[in-house]
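These notes are about the structure you will find just below.
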Amino acid sequence: MKSKSMVFSAMIVVFTMIFGCSVRAAEKKNYTFGMRVGFATEMDAQNKTIYTDIVKAFSETSGYDVSLKWFTNDKDFVRAIEKDELDVFYTNNYDLTVKYLRKKEYDPAISPYFIKETFSYCFYAKKGGRFDSVESLKGAKLLIGKDRLTFYLLRDFIKADPDKYFKAITATPNGMSSVYSLALNTVDTIFIADPFIAFMKMSNPGPTKDVALVKCTEQMFSPPIIFSKNIPQDLKKGIYSFFVNVRK
(Lines give C-alpha, C1' and ligand atoms only; values in the text may rest on other atoms or scores of the structure.)
Protein backbone atom coordinates (compact mmCIF):
# COMPACT_ATOMS: atom_id res chain seq x y z
CA MET A 1 0.00 0.00 0.00
CA LYS A 2 2.89 2.27 0.88
CA SER A 3 4.61 1.63 -2.46
CA LYS A 4 1.36 2.35 -4.33
CA SER A 5 1.04 5.62 -2.43
CA MET A 6 4.61 6.56 -3.33
CA VAL A 7 4.00 5.74 -7.00
CA PHE A 8 0.79 7.80 -6.97
CA SER A 9 2.58 10.72 -5.32
CA ALA A 10 5.39 10.50 -7.88
CA MET A 11 2.83 10.55 -10.67
CA ILE A 12 1.26 13.70 -9.20
CA VAL A 13 4.68 15.38 -9.01
CA VAL A 14 5.50 14.45 -12.62
CA PHE A 15 2.06 15.58 -13.78
CA THR A 16 2.45 18.86 -11.93
CA MET A 17 5.87 19.44 -13.47
CA ILE A 18 4.62 18.67 -16.97
CA PHE A 19 1.51 20.80 -16.52
CA GLY A 20 3.52 23.63 -15.00
CA CYS A 21 6.01 23.53 -17.87
CA SER A 22 3.22 23.60 -20.43
CA VAL A 23 1.61 26.62 -18.73
CA ARG A 24 4.93 28.45 -18.61
CA ALA A 25 5.56 27.55 -22.24
CA ALA A 26 2.20 29.10 -23.11
CA GLU A 27 3.17 32.31 -21.32
CA LYS A 28 4.89 34.88 -23.46
CA LYS A 29 8.57 35.23 -22.60
CA ASN A 30 9.70 37.82 -25.15
CA TYR A 31 8.13 41.26 -25.23
CA THR A 32 8.40 43.95 -27.88
CA PHE A 33 8.62 47.69 -27.27
CA GLY A 34 7.62 49.45 -30.50
CA MET A 35 8.61 53.04 -31.21
CA ARG A 36 7.59 55.46 -33.93
CA VAL A 37 8.89 58.98 -33.40
CA GLY A 38 9.40 60.64 -36.76
CA PHE A 39 10.97 63.93 -35.69
CA ALA A 40 13.74 64.17 -38.27
CA THR A 41 16.61 61.96 -39.36
CA GLU A 42 19.13 63.43 -36.91
CA MET A 43 16.77 63.36 -33.91
CA ASP A 44 15.43 59.91 -34.78
CA ALA A 45 18.95 58.51 -34.91
CA GLN A 46 19.61 59.92 -31.44
CA ASN A 47 16.31 58.59 -30.08
CA LYS A 48 16.84 55.14 -31.55
CA THR A 49 20.26 54.86 -29.89
CA ILE A 50 18.95 56.16 -26.57
CA TYR A 51 15.92 53.88 -26.43
CA THR A 52 17.87 50.83 -27.60
CA ASP A 53 20.19 51.29 -24.62
CA ILE A 54 17.28 51.97 -22.25
CA VAL A 55 15.33 48.87 -23.26
CA LYS A 56 18.50 46.76 -23.07
CA ALA A 57 19.23 48.08 -19.58
CA PHE A 58 15.67 47.37 -18.49
CA SER A 59 15.90 43.79 -19.78
CA GLU A 60 19.16 43.21 -17.93
CA THR A 61 17.81 44.51 -14.61
CA SER A 62 14.18 43.34 -14.70
CA GLY A 63 14.49 39.71 -15.74
CA TYR A 64 12.08 40.26 -18.64
CA ASP A 65 13.29 39.80 -22.21
CA VAL A 66 12.22 43.03 -23.93
CA SER A 67 13.46 44.14 -27.34
CA LEU A 68 13.04 47.44 -29.15
CA LYS A 69 11.44 47.57 -32.59
CA TRP A 70 11.99 50.89 -34.33
CA PHE A 71 9.55 52.03 -37.04
CA THR A 72 10.30 54.52 -39.78
CA ASN A 73 6.72 55.06 -40.96
CA ASP A 74 3.23 55.17 -39.46
CA LYS A 75 1.83 52.50 -41.79
CA ASP A 76 4.12 49.71 -40.53
CA PHE A 77 3.75 50.92 -36.95
CA VAL A 78 -0.05 50.79 -37.06
CA ARG A 79 0.01 47.41 -38.80
CA ALA A 80 2.16 45.98 -35.99
CA ILE A 81 -0.22 47.31 -33.35
CA GLU A 82 -3.28 45.96 -35.15
CA LYS A 83 -1.63 42.54 -35.44
CA ASP A 84 -0.95 42.60 -31.68
CA GLU A 85 2.80 42.38 -32.28
CA LEU A 86 3.66 45.17 -29.82
CA ASP A 87 3.32 44.73 -26.06
CA VAL A 88 4.46 48.25 -25.26
CA PHE A 89 4.67 51.16 -27.66
CA TYR A 90 5.32 54.86 -27.88
CA THR A 91 4.76 57.49 -30.55
CA ASN A 92 4.88 61.27 -30.48
CA ASN A 93 1.88 61.23 -32.85
CA TYR A 94 -1.01 62.40 -30.65
CA ASP A 95 -3.58 61.26 -33.22
CA LEU A 96 -2.39 57.65 -32.94
CA THR A 97 -2.01 57.91 -29.17
CA VAL A 98 -5.62 59.04 -28.71
CA LYS A 99 -6.86 56.40 -31.16
CA TYR A 100 -5.43 53.51 -29.17
CA LEU A 101 -6.11 54.90 -25.71
CA ARG A 102 -9.80 54.96 -26.65
CA LYS A 103 -9.66 51.20 -27.04
CA LYS A 104 -10.08 48.96 -24.01
CA GLU A 105 -7.00 46.91 -24.88
CA TYR A 106 -4.51 49.62 -23.93
CA ASP A 107 -3.48 51.68 -20.90
CA PRO A 108 -1.33 54.82 -20.61
CA ALA A 109 1.77 54.54 -18.44
CA ILE A 110 4.16 57.49 -18.24
CA SER A 111 5.37 60.32 -20.46
CA PRO A 112 9.10 59.80 -21.14
CA TYR A 113 11.47 62.74 -21.11
CA PHE A 114 15.20 63.36 -20.81
CA ILE A 115 15.82 67.10 -20.90
CA LYS A 116 12.64 68.64 -19.50
CA GLU A 117 9.33 67.21 -18.37
CA THR A 118 7.11 69.46 -20.49
CA PHE A 119 7.33 71.37 -23.76
CA SER A 120 5.55 74.12 -25.65
CA TYR A 121 4.65 74.95 -29.22
CA CYS A 122 6.09 78.30 -30.20
CA PHE A 123 6.13 80.87 -32.97
CA TYR A 124 9.61 81.69 -34.22
CA ALA A 125 10.66 84.42 -36.69
CA LYS A 126 13.90 86.01 -37.88
CA LYS A 127 15.70 88.27 -35.44
CA GLY A 128 15.33 92.01 -35.92
CA GLY A 129 12.29 91.69 -38.19
CA ARG A 130 8.79 93.09 -37.83
CA PHE A 131 7.36 89.80 -36.58
CA ASP A 132 7.76 90.18 -32.82
CA SER A 133 4.27 89.37 -31.51
CA VAL A 134 1.36 87.11 -32.37
CA GLU A 135 -0.56 90.15 -33.57
CA SER A 136 2.24 91.15 -35.94
CA LEU A 137 2.07 87.69 -37.57
CA LYS A 138 -1.29 88.42 -39.14
CA GLY A 139 -0.82 88.17 -42.90
CA ALA A 140 2.50 86.31 -42.56
CA LYS A 141 3.56 83.17 -44.42
CA LEU A 142 3.48 80.33 -41.91
CA LEU A 143 5.04 76.88 -41.86
CA ILE A 144 3.60 74.24 -39.49
CA GLY A 145 3.66 70.48 -38.97
CA LYS A 146 1.30 68.35 -41.01
CA ASP A 147 -0.39 66.72 -38.00
CA ARG A 148 -3.81 67.77 -36.74
CA LEU A 149 -2.65 68.52 -33.21
CA THR A 150 -0.39 71.34 -34.41
CA PHE A 151 -3.25 72.92 -36.35
CA TYR A 152 -5.63 72.65 -33.37
CA LEU A 153 -3.06 74.19 -31.03
CA LEU A 154 -2.40 76.96 -33.53
CA ARG A 155 -6.10 77.77 -33.88
CA ASP A 156 -6.59 77.82 -30.11
CA PHE A 157 -3.46 79.93 -29.58
CA ILE A 158 -4.32 82.73 -32.00
CA LYS A 159 -8.09 82.57 -31.21
CA ALA A 160 -8.89 82.80 -34.91
CA ASP A 161 -9.22 80.79 -38.10
CA PRO A 162 -5.60 80.19 -39.21
CA ASP A 163 -6.59 80.11 -42.90
CA LYS A 164 -7.87 83.68 -42.59
CA TYR A 165 -5.24 84.92 -40.15
CA PHE A 166 -2.19 84.04 -42.24
CA LYS A 167 -1.39 84.88 -45.85
CA ALA A 168 -0.37 81.28 -46.54
CA ILE A 169 0.05 78.10 -44.49
CA THR A 170 2.39 75.35 -45.64
CA ALA A 171 2.81 71.94 -43.98
CA THR A 172 6.21 70.45 -43.26
CA PRO A 173 7.11 66.89 -42.20
CA ASN A 174 9.08 67.90 -39.11
CA GLY A 175 10.27 70.79 -36.96
CA MET A 176 13.87 70.76 -38.12
CA SER A 177 12.91 71.32 -41.74
CA SER A 178 10.83 74.27 -40.49
CA VAL A 179 13.93 75.85 -38.95
CA TYR A 180 15.86 75.42 -42.21
CA SER A 181 13.02 77.07 -44.15
CA LEU A 182 12.97 80.03 -41.77
CA ALA A 183 16.75 80.39 -42.02
CA LEU A 184 16.46 80.46 -45.82
CA ASN A 185 13.71 83.12 -45.70
CA THR A 186 11.20 80.97 -47.54
CA VAL A 187 8.62 81.67 -44.79
CA ASP A 188 8.00 84.48 -42.31
CA THR A 189 7.31 82.38 -39.24
CA ILE A 190 7.16 78.80 -38.02
CA PHE A 191 5.06 77.14 -35.31
CA ILE A 192 6.89 74.17 -33.79
CA ALA A 193 7.64 72.41 -30.49
CA ASP A 194 10.52 74.06 -28.65
CA PRO A 195 12.63 70.85 -28.23
CA PHE A 196 13.49 71.13 -31.94
CA ILE A 197 15.24 74.44 -31.35
CA ALA A 198 16.97 73.11 -28.22
CA PHE A 199 18.22 70.05 -30.10
CA MET A 200 19.49 72.07 -33.07
CA LYS A 201 21.32 74.51 -30.83
CA MET A 202 23.30 71.52 -29.54
CA SER A 203 23.74 69.57 -32.77
CA ASN A 204 23.50 72.08 -35.64
CA PRO A 205 23.35 75.64 -34.29
CA GLY A 206 23.94 77.44 -37.59
CA PRO A 207 20.29 77.71 -38.76
CA THR A 208 19.14 78.83 -35.29
CA LYS A 209 21.47 81.84 -34.90
CA ASP A 210 19.09 84.34 -36.47
CA VAL A 211 15.91 82.73 -35.12
CA ALA A 212 13.98 84.60 -32.43
CA LEU A 213 11.22 83.37 -30.17
CA VAL A 214 7.93 85.21 -30.65
CA LYS A 215 5.57 83.50 -28.18
CA CYS A 216 4.80 80.03 -26.84
CA THR A 217 1.71 78.10 -25.80
CA GLU A 218 1.29 76.81 -22.28
CA GLN A 219 3.45 73.85 -21.28
CA MET A 220 2.20 70.35 -22.11
CA PHE A 221 3.30 66.75 -21.59
CA SER A 222 4.55 64.31 -24.20
CA PRO A 223 2.22 61.44 -25.16
CA PRO A 224 2.48 58.48 -22.77
CA ILE A 225 4.07 55.10 -23.25
CA ILE A 226 1.20 52.68 -23.88
CA PHE A 227 0.79 49.17 -22.45
CA SER A 228 -1.18 46.31 -23.88
CA LYS A 229 -3.48 44.93 -21.18
CA ASN A 230 -2.24 41.42 -22.03
CA ILE A 231 1.19 41.88 -20.49
CA PRO A 232 1.93 40.95 -16.84
CA GLN A 233 1.29 43.51 -14.12
CA ASP A 234 4.86 43.08 -12.86
CA LEU A 235 6.19 44.08 -16.26
CA LYS A 236 3.96 47.16 -16.33
CA LYS A 237 5.08 48.18 -12.86
CA GLY A 238 8.69 47.50 -13.77
CA ILE A 239 8.60 49.66 -16.90
CA TYR A 240 6.85 52.46 -15.05
CA SER A 241 9.36 52.43 -12.19
CA PHE A 242 12.26 52.25 -14.63
CA PHE A 243 11.11 55.26 -16.68
CA VAL A 244 10.38 57.31 -13.56
CA ASN A 245 14.11 57.10 -12.78
CA VAL A 246 15.51 56.73 -16.31
CA ARG A 247 17.04 60.23 -16.35
CA LYS A 248 19.28 59.14 -13.46
Side-chain angles (χ1 to χ4, degrees), residues 13 16-119 193 195 198-199 202 219-248:
V13 171
T16 302
M17 290 175 64
I18 293 172
F19 180 75
C21 289
S22 65
V23 170
R24 285 191 293 274
E27 291 176 354
K28 191 169 183 179
K29 294 182 180 293
N30 303 312
Y31 298 90
T32 303
F33 190 143
M35 286 204 72
R36 165 65 182 142
V37 181
F39 283 133
T41 303
E42 299 95 323
M43 292 184 75
D44 278 0
Q46 296 269 3
N47 275 293
K48 184 178 180 181
T49 300
I50 290 170
Y51 276 93
T52 297
D53 289 344
I54 287 173
V55 172
K56 181 181 178 182
F58 174 77
S59 294
E60 292 173 349
T61 57
S62 69
Y64 284 98
D65 183 7
V66 183
S67 59
L68 180 75
K69 187 169 184 179
W70 186 267
F71 292 87
T72 57
N73 62 75
D74 290 339
K75 185 178 179 181
D76 290 341
F77 181 64
V78 169
R79 186 186 294 118
I81 297 173
E82 298 293 344
K83 288 184 176 181
D84 201 26
E85 295 175 355
L86 306 181
D87 305 290
V88 186
F89 59 89
Y90 174 80
T91 175
N92 64 317
N93 185 323
Y94 279 88
D95 295 342
L96 290 178
T97 300
V98 171
K99 174 183 176 181
Y100 289 106
L101 287 183
R102 283 177 173 169
K103 297 186 176 184
K104 295 180 180 179
E105 295 87 356
Y106 302 100
D107 287 322
I110 183 173
S111 293
Y113 70 95
F114 300 106
I115 299 175
K116 47 186 274 188
E117 189 172 0
T118 58
F119 68 97
F199 178 81
M202 291 187 295
Q219 297 285 303
M220 64 187 78
F221 289 93
S222 299
I225 294 171
I226 298 175
F227 292 147
S228 166
K229 290 191 174 180
N230 297 325
I231 67 174
Q233 285 297 322
D234 286 348
L235 177 54
K236 292 180 181 179
K237 291 178 181 177
I239 292 174
Y240 177 83
S241 298
F242 191 83
F243 271 90
V244 165
N245 299 299
V246 75
R247 291 174 75 245
K248 298 178 183 178

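Note that the structure is a prediction, hence the values are computed from the model and not measured.
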- Atom NZ of Lys104: over 12 foreign heavy atoms under 6.0 Å: no
- Determine, stepwise, if the pair Arg102 / Val98 fulfils side chain to side chain contact (heavy atoms under 4.5 Å, CB included). CA-CA 6 Å; Arg102 283 177 173 169; Val98 171; 3.6 Å; yes
Could you go through residues 62-76 and list every donor-acceptor pair under 3.5 Å that involves a side-chain atom there, pairing it with any protein atom two or more places apart or in another chain?
unit_1 : atom_1 : unit_2 : atom_2 : d
Ser62  : OG     : Phe58  : O      : 2.8
Ser62  : OG     : Tyr64  : N      : 3.1
Asn73  : OD1    : Lys75  : N      : 3.2
Asn73  : OD1    : Asp76  : N      : 2.8
Asn73  : ND2    : Asp76  : OD2    : 3.1
Asp74  : OD1    : Arg36  : NE     : 2.9
Asp76  : OD1    : Arg79  : NH1    : 2.7

- If you round to the nearest 0.5 Å, how far is OH of Tyr106 from CD1 of Ile81? 6.0 Å
- Atom CG of Leu86 and atom CD1 of Ile231: how far apart are they, to the nearest 0.5 Å? 11.5 Å
- Message: To the closest 0.5 Å, what do you measure between OG1 (Thr91) and CD1 (Ile225)?
- Response: 12.0 Å
- Message: For Lys48, I'd like to know if atom NZ has over 12 heavy atoms of other residues, nucleotides or ligands within 6.0 Å.
- Response: no
- For the atom pair CG (Leu96) and CZ (Phe77), what is the distance rounded to the nearest 0.5 Å? 6.5 Å
- Item | Residue pair Pro224 / Tyr90: nearest heavy atoms and the distance that separates them | O-CD1, 3.6 Å
- Query: Are there more than 12 heavy atoms of other residues, nucleotides or ligands under 6.0 Å from atom NZ of Lys237?
  - Reply: no
- Task: Give, for atom CZ of Phe89 and atom CD1 of Ile226, the distance between the pair rounded to the nearest 0.5 Å.
- Result: 4.0 Å
- When rounded to the nearest 0.5 angstrom, what distance separates CG in Asn92 from OH in Tyr94? 8.5 Å
- Looking at side-chain heavy atoms only, is the closest gap between Glu105 and Asp84 below 4.5 Å? no
- Task: State, yes or no, whether a side-chain contact exists between Val78 and Tyr100 at a heavy-atom distance under 4.5 Å.
- Result: yes
- Task: Look at atom NZ of Lys56 and say whether more than 12 heavy atoms of other residues, nucleotides or ligands are closer to it than 6.0 Å.
- Result: no
